[in-house]
Amino acid sequence: METGVINREGFGGSLPVEKVQALASKNLKDIPSRYIRPEVEFDVVSIDESYQIPVIDMSKLGHDDEQQKLHLACKDWGFFQLINHGVGDEVIDKMKIDIQEFFELPLNEKLAYRITLKATAKPLETLDKYSMALQKVTIRLTRLIAKNLGTDPETFASFFEDGTQGIRMNYYPPCAQASKVIGLAPHSDSTALTLLIQVNEVEGLQIKKNGKWIPVKPISGAFIINIGDVMEIMSNGEYKSIEHRAVVNPNKERLSIAAFHSPNISTMIGPLPDVVKAKEAGYRTKPHEEFVRLTISSKLDGKGLLDQMKL
C-alpha cells in the first residue's frame with residue numbers, strides 16, 4: 001500500500017511504508033518477502049453477500065427507530081455505511097479526482113509533497129472543503145452517539161469541536177498474487193471515528209466478525225464509518241473498535257480516502273463518567289498526550305493498545 005497522509009492539529013498517523021506503487025510498475029514476478037502473508041490463503045472469508053454492515057440514513061437520525069439502528073451498529077458491528085450525510089457530491093467527486101491525479105504523479109513528485117508539504121492551491125482548497133465537511137458530519141455523529149450512550153450530547157461533541165483530524169489517501173496497486181499478500185494488515189483504528197470513502201469501484205475492505213472476514217460492499221456516495229479505540233474506551237466497551245484489513249485485487253488498483261477523528265488534546269481519554277455510572281469502568285483514564293505516546297509505542301512494539309488500556 002502507498003499512502004498520502006495529512007494530519008490536522010497533528011496526532012496519530014501511520015508508520016512509514018515502502019512505496020509499493022513503484023514496485024508494482026515493474027511487473028515483478030517475485031513479490032518481496034516483506035509483503036508475503038502466507039496466512040491470507042487460509043483465512044476464512046464470508047461468501048454470504050447478504051451479510052453486510054448496517055446502513056444508516058443520516059436524514060432519518062433523530063427518529064427513534066433510526067437512532068436505535070445507529071446504536072446497534074456501533075455496538076454489534078463497530079462499522080456502518082452512512083447515506084444522506086449532507087456532504088455534496090461535488091465536494092466528494094472533486095476530492096476523488098485530485099487524489100487520482102496525485103497518485104498518477106511520478107514518485108519523486110509525490111515524495112516532494114511528503115517532504116516539503118508543498119502543494120498547489122487547488123488541491124489544498126479541495127482538501128479544506130472536504131476536511132471541513134467531514135468535520136461537520138463527525139460533530140453531528142458525536143451528538144447522536146452521546147444520546148445513545150446516555151451522556152450530554154453538547155458536552156461530548158465539544159470534545160471534538162477543536163479535535164484532531166488526519167486524512168490518509170490510500171493506493172493499493174494490483175497484484176497478480178493477490179491471494180498471498182495483504183494491502184493493509186489487520187488492525188483497529190486508535191482514534192475515535194473513521195470516515196472512509198472509496199475513490200474507485202474496486203472493493204478491498206474486510207472486517208472481522210465471528211471469526212470470519214466479511215468483505216464490505218461500499219454504497220456509492222456513502223461514507224463507511226467505524227468505531228475506533230478511543231470511542232470504545234470512552235463508551236466503556238459499549239461500542240466496539242473492530243479489527244479490519246484491506247486486501248488487493250489481482251487486476252485493478254484500489255484507492256480510498258480515510259479521515260480519522262479524535263477529541264482535542266485537552267480531553268482525558270477514558271470511560272465517560274455518565275457511562276461508568278451504569279457499569280464499572282473497564283479501561284484506564286489517561287491524559288491525551290500520554291495516550292498518544294502509548295498509541296505510537298503500541299504500533300512499534302506490536303502490543304495491543306486496548307489491552308494496555310484495560311483495567
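Nothing fancy with the numbering, it's 1 onward along the sequence.
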TODO: Applying side-chain hydrogen bond (donor to acceptor under 3.5 Å, both in side chains), name anything that partners Asp189, two or more places apart in sequence or on another chain.
DONE: His187, Thr194, Asn226, His244
Open item on the list: Checking Thr142 now: which residues fulfil side-chain hydrogen bond (donor to acceptor under 3.5 Å, both in side chains) with it, not counting sequence neighbours?
Closed with: none
Are the side chains of [X] and [Y] in touch, meaning some heavy atoms are under 4.5 Å apart?
X: Cys74; Y: Asn148; value: no
X: Ile233; Y: Phe291; value: yes
X: Phe80; Y: Leu82; value: yes
X: Thr285; Y: Ile269; value: no
X: Pro186; Y: Lys208; value: no
X: Glu232; Y: Tyr283; value: yes
X: Lys286; Y: Met268; value: no
X: Phe156; Y: Met234; value: yes

So which atom in [X] and which in [Y] form the shortest heavy-atom distance, rounded to 0.1 Å?
X: His261; Y: Thr191; result: O-CB, 3.7 Å
X: Ala222; Y: Gln81; result: CB-OE1, 3.9 Å
X: Ser241; Y: Gly228; result: OG-C, 3.3 Å
X: Pro263; Y: Phe160; result: N-CE2, 3.6 Å
X: Asn236; Y: Gly282; result: OD1-N, 2.8 Å
X: Pro153; Y: Ala146; result: CA-CB, 3.6 Å

Task: Basic-acidic side-chain contact under 4.0 Å: Asp89, Lys96 - done: no
Open item on the list: Run the salt bridge (charged side-chain N to carboxylate O under 4.0 Å, His left out) test against Glu66 and tell me which residues pass, sequence neighbours left out.
Closed with: Lys69
- [ ] Please name all residues satisfying salt bridge (charged side-chain N to carboxylate O under 4.0 Å, His left out) with Lys129, sequence neighbours left out, ordered by chain then number.
- [x] Glu125
From [X] [atom1] over to [Y] [atom2], what is the distance, rounded to the nearest 0.5 angstrom?
X: Glu104; Y: Glu101; atom1: CD; atom2: CD; value: 7.0 Å
X: Arg140; Y: Ile145; atom1: CZ; atom2: CD1; value: 12.5 Å
X: Glu289; Y: Leu294; atom1: CD; atom2: CG; value: 14.0 Å
X: Ser50; Y: Ile47; atom1: OG; atom2: CD1; value: 10.5 Å
X: Ser190; Y: Met309; atom1: OG; atom2: CE; value: 11.5 Å
X: Ile99; Y: Ile97; atom1: CD1; atom2: CD1; value: 11.0 Å

When you group the ILVMFWY residues by side-chain heavy-atom contacts below 4.5 Å and let the links chain together, are [Y] and [X] in the same group?
X: Trp213; Y: Ile227; result: no
X: Leu70; Y: Ile139; result: yes
X: Val45; Y: Val248; result: no
X: Met132; Y: Ile92; result: no

Open item on the list: Which residues end up grouped with Ile214 if you chain together Ile, Leu, Val, Met, Phe, Trp and Tyr wherever their side-chain heavy atoms are less than 4.5 Å apart?
Closed with: Tyr51, Ile53, Trp77, Phe79, Leu196, Leu205, Ile207, Val216, Ile224, Ile242
Task: Ile219: hydrophobic cluster co-members (side-chain, 4.5 Å) - done: Val55, Ile83
For [Y], does its backbone N or O pair with a side-chain atom of [X] as donor and acceptor, under 3.5 Å?
X: Lys252; Y: Asn249; answer: no
X: Asn170; Y: Ala258; answer: no
X: Ser131; Y: Asp128; answer: no
X: Gln165; Y: Leu134; answer: no
X: Gln198; Y: Val202; answer: yes
X: His63; Y: Asp65; answer: no
X: His85; Y: Gly221; answer: yes
X: Glu253; Y: Asn200; answer: no

Checking [X] now: which residues fulfil side chain to side chain contact (heavy atoms under 4.5 Å, CB included) with it, not counting sequence neighbours?
X: Ala246; value: Tyr172, Leu184, Arg254
X: Ser235; value: Leu149, Glu238, Tyr239
X: Glu90; value: none
X: Leu311; value: Ala281, Arg284

Task: Candidate pair Met169 and Leu255, rule side chain to side chain contact (heavy atoms under 4.5 Å, CB included), full reasoning - done: CA-CA 7 Å; Met169 293 75 78; Leu255 293 93; over 6 Å; no
TODO: Could you walk me through whether Asp48 and Ser46 pass the side-chain hydrogen bond (donor to acceptor under 3.5 Å, both in side chains) test, one step at a time?
DONE: CA-CA 6 Å; Asp48 184 353; Ser46 173; 5.6 Å; no
Open item on the list: Show me the pairs that pass salt bridge (Lys or Arg N to Asp or Glu O under 4.0 Å) and involve residues 210-230, at least two apart or across chains.
Closed with: Glu203-Lys217
TODO: Please check if any side-chain donor atom of Glu161 sits under 3.5 Å from a side-chain acceptor atom of Asn264, or the reverse.
DONE: no
I'd like a table of donor-acceptor pairs (distance under 3.5 Å, sequence neighbours excluded) in which one partner is a side-chain atom from residues 273-280, with atom names and distances.
| unit_1 | atom_1 | unit_2 | atom_2 | d |
| --- | --- | --- | --- | --- |
| Asp274 | OD1 | Lys277 | NZ | 3.4 |
| Asp274 | OD2 | Thr151 | OG1 | 2.9 |

Open item on the list: As a test of understanding, state which of Ile197, Val199, Thr126 forms a side-chain contact (heavy atoms from CB on, under 4.5 Å) with Met95.
Closed with: Thr126
Task: Worked verdict on Ser298 versus Gln308 for side chain to side chain contact (heavy atoms under 4.5 Å, CB included) - done: CA-CA 9 Å; Ser298 69; Gln308 295 181 68; 3.7 Å; yes
- [ ] Apply the test side chain to side chain contact (heavy atoms under 4.5 Å, CB included) to residues Ile167 and Phe260: give CA-CA distance (whole Å), side-chain angles for both, the deciding distance (0.1 Å), then the verdict.
- [x] CA-CA 6 Å; Ile167 297 181; Phe260 306 91; over 6 Å; no
